[in-house]
Every structure is written in C-alpha cells, then in structure tokens.
Protein chains: 2
Amino acid sequence: MSDGSVSDGPQPGSPESDGSRGDQRRHPRIGFLLSQLGAHATELFADQTRGLGITPSEAGVIRIIGRSAGISQRALADTLGSVQSRVVALIDRLEGAGLVTRTRSSTDRRVQELRLTESGSSVLRSLRHAAEAQEAAIVDGLTSEQAAELFGLLSKLSSLRGLDAEVHVGYRDAPR
Amino acid sequence: MSDGSVSDGPQPGSPESDGSRGDQRRHPRIGFLLSQLGAHATELFADQTRGLGITPSEAGVIRIIGRSAGISQRALADTLGSVQSRVVALIDRLEGAGLVTRTRSSTDRRVQELRLTESGSSVLRSLRHAAEAQEAAIVDGLTSEQAAELFGLLSKLSSLRGLDAEVHVGYRDAPR
DNA sequence: ACTGCATGATTCACTAGATGAATAATTACA
DNA sequence: TGTAATTATTCATCTAGTGAATCATGCAGT
C-alpha cells in the first residue's frame with residue numbers, strides 16, 4: 001500500500017485542476033486536505049501494522065476481539081460493517097497465525113467464540129504503542145495549543161457528520 | 001464503496017480499544033479522527049463521481065487531462081503515481097465511455113496524446129461543481145473563523161508532512 | 001545506414017480483497 | 001413436531017492493481 005497505487009478518492013477536487021492558472025483558489029479545499037491527510041494517516045498506520053505482520057483490517061479485528069472477548073463472528077461482522085463470509089477469511093488467517101482462537105459456544109453451538117491468544121494480546125499491545133507513537137508524530141510541529149484546537153475542530157466535524165467514534169467508518173451506510 | 005467494506009486502515013488506534021473503560025483517553029487521537037474524516041470525505045467524493053458514471057480514479061484522470069491536454073499515458077502514469085499498464089486500462093474505459101480521446105503524436109508516434117472530448121469536459125465541470133458543493137457541506141456547521149482556522153492547521157500539517165498538494169497522495173513513496 | 005539501447009503502449013497472468021448466493025448445522029418458535 | 005430463522009462456511013465471481021514480456025518507435029554513436 002505504500003507504493004504507487006492510484007488510490008481511489010483522495011482528491012475531491014484537486015487544487016486548480018483547470019487551466020485557470022495562478023494561486024487564486026476560490027475555496028479552502030478542506031475536503032481535499034482531509035482526504036489527503038486521512039489517506040496519509042491511514043498509510044502510516046498500514047506501515048505499522050505491516051511491521052507486526054498483519055493488515056490494517058486484521059488490526060481492526062484484533063482490537064475488537066481484544067475489547068470483546070468471546071464475540072461471535074456474526075457480531076464481529078456487524079461491528080466491522082462487513083459480512084460473515086469476509087470474517088471467515090479474516091479469522092482463518094488470524095487463527096492460522098496463532099493470534100486468535102475459535103471455540104464453539106457451549107450454550108449455542110452455532111456460534112464461534114473469538115478470543116485473542118497470548119501473542120494476539122501482545123500484538124494488540126504493540127498496536128496501541130504504535131498508535132501512540134503515530135499520534136505523537138502527527139502533532140509534531142504543532143504547538144500543544146494548536147493540537148488542542150485541531151482536535152476540537154476535528155471532533156466537531158466528526159460529530160456533525162454523525163460519525164460515532166465507536167462505529168467503524170465503513171459502517172455508516174449499512175450493509176444491505 | 002458506500003456499503004460495508006472493511007476499509008483497511010481508518011482506525012489507527014480506536015478510542016479505548018481495551019478493557020480499561022471510562023472516557024479518560026490519554027491521547028487526543030487526532031490520527032484516528034483524520035483517518036475517519038478523510039475516509040468520510042473520500043467516500044462522499046466517490047458518491048458524487050458515481051453519480052457521474054465514473055470512479056474516483058477516473059475522476060483524477062479526467063482532472064489531469066483537463067489541465068494538461070495532450071499529455072502522454074506515461075506522463076499521466078507518473079502524475080498519478082501509477083504504472084503504464086494501469087493507465088491503459090483506465091483510458092480504455094474512459095475512451096469507451098466517450099470522455100477521452102487517444103491520438104498518436106505526429107512528432108513521436110510512440111506516444112498517445114490524451115484529450116477530453118466535449119462530454120469529458122462536461123464531466124470535468126460537473127466534478128468541479130461537486131467538489132464545491134462538498135466543500136460547503138463539510139464546513140457546514142462551522143463558523144467561517146473556525147473553517148479558516150481548520151484550513152490553516154490542516155495546511156500546516158500537510159506541509160509538515162511534505163505532502164505537496166500538486167502531487168497525488170499515493171505518490172510519496174515512488175513507484176519502484 | 002547500421003547497431004544497439006531506451007522509451008511508450010499494450011497484453012497477459014496473477015494476486016488480494018470483497019461480494020452475494022447456496023449449504024449445513026443448529027436453535028427458536030408456533 | 002415441524003417450520004423458520006440464525007451461524008458459520010464454501011464457492012464462484014468481480015474489481016483494482018502489479019510486474020513481466022512484447023512490440024513498435026525513436027535516438028545516439030559509430
């Protein structure tokens with residue numbers, strides 16, 4: 001992901017995309033900056049998970065299982081905003097890598113209870129450290145006042161958009 | 001893209017991803033917010049391009065050709081941070097849709113000169129309008145002072161990261 | 001002019017991630 | 001009991017993207 005992919009999206013209106021030259025851009029292009037910086041943050045995060053031998057998706061799975069031990073694959077799919085068949089493949093890999101276990105529920109033998117193994121928990125700890133390091137890297141160059149201001153504005157935007165921080169990004173629009 | 005994809009990345013450290021409950025989160029999680037809002041902006045943009053019958057990647061291609069009529073596929077690939085073979089497929093589609101033309105250069109018959117057709121230009125105009133509307137939607141709910149402040153902070157972050165607004169996001173790391 | 005190398009476009013085989021439909025096992029319920 | 005819903009799983013398929021190989025063309029040096 002760190003190489004030259006065409007990367008769908010991150011350019012909702014590039015700066016001066018037309019022939020009208022000069023730096024008189026009528027609009028702030030906050031959308032463009034958000035897409036660009038968001039993609040950048042996302043790729044930094046991907047670099048870090050790659051160092052741990054997992055993909056960003058798998059990192060998300062590990063985080064969710066970490067805070068909801070025993071969750072079913074169905075519930076995991078809902079939380080991710082994904083579908084069951086995708087979760088099967090995801091867990092297949094994480095189970096094969098020894099990070100997650102499947103155990104049939106004793107009360108409902110249809111469901112697989114998902115839990116982190118010891119090394120799964122270790123990966124989760126590494127993920128948290130990586131996230132903290134990344135946070136520090138991102139605000140590096142801003143004063144703490146600026147960082148606080150930025151956080152406030154982004155939080156406001158996020159709540160205005162109805163993006164609940166607890167729910168996954170790809171989930172807004174409901175898997176039909 | 002608007003449905004439940006697992007969407008790699010957009011969660012560089014979710015809020016309170018562990019068992020330690022309570023809302024005492026030590027870090028602002030600006031990285032998380034940036035990923036989330038960036039993904040959101042990207043998806044809004046994708047919704048708009050979909051309405052025009054093109055993908056976000058194709059929209060990027062149209063923008064570039066629009067400001068550099070006669071560009072070669074090779075130069076386009078470099079600008080996109082992609083590879084020639086990918087561009088072939090992209091242009092195949094846009095040419096088939098009647099938005100772009102290929103003409104062999106008279107001075108160097110290896111190169112294909114890319115230009116927008118009339119409807120290609122029309123799509124480009126629609127893209128610009130869509131981008132403006134999206135910009136308005138994004139800052140809706142912020143005062144103009146807040147919007148200006150946010151723009152300043154995001155610009156600063158962007159330049160700190162060395163993200164040149166003219167260069168595509170996926171291009172930082174050079175296609176080896 | 002000839003040779004050899006570089007370059008632009010194209011094709012092709014392959015991969016990864018994702019999606020929806022079908023199926024089997026199990027549970028819930030009328 | 002029997003019928004419907006639910007969980008996990010498999011499978012065929014799709015799309016985007018990648019790198020290698022190929023072909024035609026241009027160009028520099030001899």
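Letters go in sequence order (proteins before strands), and every chain restarts at 1.
- When the C1' atom of C:dA9 is taken as reference, atom CG of B:Leu90 falls 14 Å away, rounded to whole Å.
- Taken to the nearest 0.5 Å, the CZ atom of B:Arg63 stands 11.5 Å off from the CD1 atom of B:Ile65.
- Ranking D:dT10, C:dG17, D:dT7 by closeness to the A:Arg74 side chain, first place goes to D:dT7.
- The side-chain heavy atoms of B:His129 and B:Gln134, taken from C-beta on, include no pair separated by under 4.5 Å.
- When rounded to the nearest whole Å, the span between CZ of B:Arg86 and C1' of C:dA9 equals 15 Å.
- Across residues 97-104 of chain B, not one residue has a non-hydrogen atom less than 4.0 Å from an atom of DNA chain D.
- Take A:Ser159 and apply the side chain to side chain contact (heavy atoms under 4.5 Å, CB included) test, not counting sequence neighbours, and it matches no residue.
- Within 4.0 Å (heavy atoms only), B:Val88 reaches at least one base atom of the nucleic acid.
- As rounded to whole Å, 16 Å separates atom C1' of C:dG17 from atom CD1 of A:Ile54.
- In this structure, the separation between CD1 on A:Ile71 and CD1 on A:Ile64 is 6.5 Å, given to the nearest 0.5 Å.
- The CD atom of B:Gln146 sits 6.0 Å away from atom CG of A:Leu153, with the distance rounded to the nearest 0.5 Å.
- A straight line from CD1 of B:Ile91 to P of C:dG8 spans 16 Å, rounded to a whole angstrom.
- End-to-end axis angle of the helix from C:dA1-D:dT30 to C:dA30-D:dT1, using five pairs per end and rounding to 10°, comes to 10°.
- To the nearest angstrom, P of D:dT25 lies 16 Å from CD of B:Gln73.
- In this structure, OG1 on B:Thr103 lies 5.0 Å from CD on B:Glu113, to the nearest 0.5 angstrom.
- Side chains of B:Lys156 and B:Arg161 form no contact here, defined as non-hydrogen atoms less than 4.5 Å apart.
- Side-chain N/O atoms of B:Gln112 include none lying less than 4.0 angstrom from OP1 or OP2 on C:dG8.
- Across the protein-nucleic acid pair, B:Leu94 atom CG and C:dA9 atom P stand 15 Å apart, rounded to whole Å.
- When the side chain to side chain contact (heavy atoms under 4.5 Å, CB included) test is applied to B:Arg102, the partners found at least two apart in sequence or on another chain are B:Gln73, B:Ile91, B:Asp92, B:Glu95, B:Gln112, B:Leu114.
- Atom-to-atom, CZ of B:Arg93 to C1' of D:dC14 comes out at 13 Å; the value is rounded to the nearest Å.
- Proximity of A:Gln84 to the phosphate of C:dT19: no side-chain N or O atom is located under 4.0 Å from OP1 or OP2.
- Using a 4.5 Å heavy-atom cutoff, the side chains of A:Leu34 and B:Leu34 are in contact.
- A donor-acceptor contact shorter than 3.5 Å links the side chain of B:Glu135 to the backbone of A:Ile30.
- Put simply, CG on B:Asp92 is 12 Å from P on C:dA9, counting in whole angstrom units.
- Of the N and O atoms on the side chains of A:Ser57 and A:Thr55, not one donor lies less than 3.5 Å from an acceptor on the other residue.
- Checked against side chain to side chain contact (heavy atoms under 4.5 Å, CB included), B:Asp140 has no partners two or more places apart in sequence or in another chain.
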Subject >> Base versus backbone protein contacts along nucleotides 21-30 of chain C [heavy-atom cut-off under 4.0 Å; B, S, -] >> reply: -----BS---

